Amino acid sequence: MPELPEVETVRRGLARFAVGRRVTQVEVGRLRTVRRTSAQAIIDGLTGATIVAANRRGKYLLLPLDTGDEVMIHLRMTGKLLVSAGGLPRPLHTHVVMHLDDGNEMLFVDPRTFGEVVVFDPTNVAVELPELARLGIDPVADGLTLPQLRHLVRSRNRGLKQLLLDQHLIAGIGNIYADEILHKARLRPERLSSSLAPRSEAMLHRAIHDVLVAAIVSGGSTLRDNQYVDLFGDGGSYQEDHRVYGRAGERCITCGRGWVRRIIVGQRSTHFCPICQR
DNA sequence: AACTGTCCCTGCAAGC
DNA sequence: TGCTTGCAGGGACAGT
């Protein structure tokens, strides 16, 4: 499940292997992947354009072009970007292919087709990609300060997990990292944000930063379903450091006393240790 | 502001 | 063995 650390890992790969490349040809397979605009808009917007940077905001990959337009790629659940030599057989569910001027191909592969590819005009982002315009603070790209977090937490009265997952507030945290962050901060997922002592706010702030940075260093999390891989098809290793996610029923590694529980919060599976998280 | 429910889609696993 | 059902989940959106 690509969240901030996985998307950041892909971004770093793109910075090395896509930036500076000109797109010589574009193929669009499934129209659902380009549903926001059209196949023709993707082909016209990309063909002949050079990728000049690789950016990220939350879970959105943003590739500015020398034409002034920008490519937005969202992997959602099962989207992958892969770079490989041209002319090779393509994986099942390859929906968009960008031929690059170095002979490589960049493939957008996505079995569940929740992901999307858009070419948009960044000066008109509020109209063309309203969700992107409304995105909250990215803890890694923008930096989330303790006073900013304090304000977010104190000005709402929601469960902490819901707050962490709200992309309009903090951008990039998904289900896995929300659980890992709250475990590290020793706070329960359903705990109301406005109820935190200053010390807990500081722990949450630190945990957001530490968990995301550690996960980026490990190249993200690749679960058993192997859904997330980097540009070259390699998985990350942060799943080995998960303390609660996917460990329901196991003894808590942190305290050695509690048993990790799995509950449903806001329709999402949620994992925590009832002994160390309060 | 905040809650709930719904939808989108496929692959895999569990249950019969 | 072969079917059906349920689940996974990011995020927009509608309704309350």
Side-chain angles (χ1 to χ4, degrees), chain A residues 1-11 29-37 56-62 72-81 90-96 108-118 120 125-139 151-181 189-195 212 215 220-229 235 239 242 244-249 262-271:
Chain A
M1 265 53 52
E3 304 179 26
L4 188 154
E6 290 76 27
V7 180
E8 175 63 17
T9 303
V10 172
R11 186 199 69 76
R30 271 188 85 144
L31 296 180
R32 187 169 146 73
T33 300
V34 298
R35 59 192 173 278
R36 194 177 299 246
T37 55
R56 182 191 58 74
R57 295 230 343 120
K59 301 171 195 171
Y60 294 73
L61 278 169
L62 299 167
M72 186 285 280
I73 299 170
H74 200 304
L75 304 173
R76 284 296 214 287
M77 290 292 305
T78 56
K80 297 178 189 67
L81 271 183
R90 291 165 186 165
L92 201 59
H93 307 298
T94 298
H95 304 318
V96 178
F108 181 80
V109 181
D110 186 13
R112 286 181 220 172
T113 69
F114 285 17
E116 60 176 321
V117 177
V118 181
F120 71 104
V125 63
V127 172
E128 297 186 24
L129 273 177
E131 320 93 84
L132 181 61
R134 289 198 303 256
L135 219 50
I137 302 169
D138 184 301
H151 174 73
L152 286 179
V153 152
R154 290 183 186 180
S155 62
R156 348 244 132 188
N157 195 31
R158 307 171 69 180
L160 287 174
K161 172 138 179 179
Q162 310 264 44
L163 186 139
L164 289 180
L165 290 178
D166 189 336
Q167 304 298 303
H168 305 112
L169 304 178
I170 301 172
I173 298 172
N175 206 38
I176 296 174
Y177 294 104
D179 285 2
E180 293 300 317
I181 287 166
E190 331 87 298
R191 176 79 178 270
L192 287 180
S193 60
S194 53
S195 76
L212 293 177
S221 301
T222 298
L223 305 181
R224 278 179 293 276
D225 62 8
N226 235 33
Q227 279 305 344
Y228 165 69
V229 291
Q239 67 283 357
H242 291 179
V244 286
Y245 188 85
R247 292 189 180 276
R262 179 177 177 278
I263 59 172
I264 302 297
V265 174
Q267 267 92 283
R268 294 284 182 271
S269 70
T270 297
H271 312 74

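Remember, it's a predicted structure, so these values are computed and weren't measured experimentally. Per chain, numbering begins at 1; letters A, B, ... match sequence-line order.
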Using atom names, set out every protein N or O paired with an N or O of nucleotides 4-6 of chain B below 3.5 Å, distance rounded to 0.1 Å.
from: B/dG5; atom 1: N7; to: A/Q267; atom 2: NE2; distance (Å): 3.3

Rounded to whole Å, please give me the gap between [atom1] in [X] and [atom2] in [N].
{"X": "A/L223", "N": "B/dC12", "atom1": "CG", "atom2": "P", "result": "14 Å"}
{"X": "A/K161", "N": "B/dC3", "atom1": "NZ", "atom2": "P", "result": "14 Å"}
{"X": "A/Y228", "N": "C/dG10", "atom1": "OH", "atom2": "P", "result": "15 Å"}
{"X": "A/L192", "N": "B/dA2", "atom1": "CG", "atom2": "P", "result": "10 Å"}
{"X": "A/L165", "N": "C/dA12", "atom1": "CG", "atom2": "C1'", "result": "15 Å"}
{"X": "A/L164", "N": "C/dG11", "atom1": "CG", "atom2": "P", "result": "13 Å"}
{"X": "A/L75", "N": "B/dC8", "atom1": "CG", "atom2": "C1'", "result": "17 Å"}
{"X": "A/D166", "N": "B/dC3", "atom1": "CG", "atom2": "P", "result": "10 Å"}

Nearest 0.5 Å please: distance from the [atom1] atom of [X] over to the [atom2] atom of [Y].
{"X": "A/S269", "Y": "A/D179", "atom1": "OG", "atom2": "CG", "value": "7.0 Å"}
{"X": "A/K59", "Y": "A/L132", "atom1": "NZ", "atom2": "CG", "value": "14.0 Å"}
{"X": "A/L129", "Y": "A/R36", "atom1": "CG", "atom2": "CZ", "value": "5.0 Å"}
{"X": "A/R11", "Y": "A/I73", "atom1": "CZ", "atom2": "CD1", "value": "13.5 Å"}

### Query
Has A/H151 got more than 12 heavy atoms of other residues, nucleotides or ligands less than 6.0 Å from its NE2?
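Incorrect, the count does not exceed 12.
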
Side chain of [X]: nearest nucleotide among [options]?
{"X": "A/K59", "options": "B/dC3, C/dG11, B/dT10", "value": "C/dG11"}
{"X": "A/Q167", "options": "C/dG11, C/dG10, B/dC3", "value": "C/dG11"}
{"X": "A/R268", "options": "C/dG9, B/dG11, B/dC9", "value": "C/dG9"}
{"X": "A/N175", "options": "C/dG9, B/dA2, B/dC9", "value": "C/dG9"}
{"X": "A/R156", "options": "C/dG10, B/dA2, B/dG11", "value": "B/dA2"}

Tell me whether the OP1 or OP2 atom of [N] has a side-chain N or O from [X] closer than 4.0 Å.
{"X": "A/H93", "N": "B/dT10", "answer": "no"}
{"X": "A/R76", "N": "C/dG11", "answer": "no"}
{"X": "A/S269", "N": "C/dG9", "answer": "yes"}

Give one of base, sugar-phosphate or nothing for [X], where a contact means two heavy atoms less than 4.0 Å apart.
{"X": "A/D110", "value": "nothing"}
{"X": "A/R35", "value": "nothing"}
{"X": "A/Y245", "value": "sugar-phosphate"}

### Query
Side chains of A/Y60 and A/Q167: do they bring a donor and an acceptor to under 3.5 Å?
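The answer is no; no qualifying pair exists.
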
### A/T113-A/R32 side chain donor-acceptor pair, cut-off 3.5 Å
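There is such a pair between these side chains.
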
#### Entry: Axial bend angle, the helix from B/dA2-C/dT16 to B/dC16-C/dG2: five-pair end segments, nearest 10°
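Both end axes considered, the difference amounts to 50°.
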
### Message
So, applying side-chain hydrogen bond (donor to acceptor under 3.5 Å, both in side chains) with A/S221, which one of A/E3, A/H242, A/Q239 is it?
### Response
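When side-chain hydrogen bond (donor to acceptor under 3.5 Å, both in side chains) is applied between A/S221 and each of A/E3, A/H242, A/Q239, only A/H242 qualifies.
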
### Among A/E180, A/R268, A/K161, side-chain hydrogen bond (donor to acceptor under 3.5 Å, both in side chains) partner for A/N175
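Between A/N175 and the candidates, side-chain hydrogen bond (donor to acceptor under 3.5 Å, both in side chains) is satisfied uniquely by A/K161.
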
### Task
Taking all non-hydrogen atoms of both residues into account, name the closest pair between A/G79 and A/D110 and its distance.
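Shortest heavy-atom contact: N-OD1, 3.3 Å.
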
### Message
Any non-hydrogen side-chain atom of A/L62 less than 4.5 Å from a side-chain atom of A/R57?
### Response
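Yes, at least one pair of side-chain atoms sits under 4.5 Å.
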
### Query
Is any side-chain N or O of A/R112 under 3.5 Å from a base N or O of C/dG10, one able to act as donor and the other as acceptor?
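There is none.
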
### Query
For A/M77 and A/L132, take the nucleotide of DNA chain C holding the closest heavy atom to each; which residue's nucleotide lies nearer the 5' end?
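Closest to the 5' end, via its nearest nucleotide, is A/M77.
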
### Query
Has A/F114 got its ring stacked on B/dC9, by the test of a centre gap below 5.5 Å and a plane angle below 30°?
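The ring of A/F114 is not stacked on B/dC9.
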
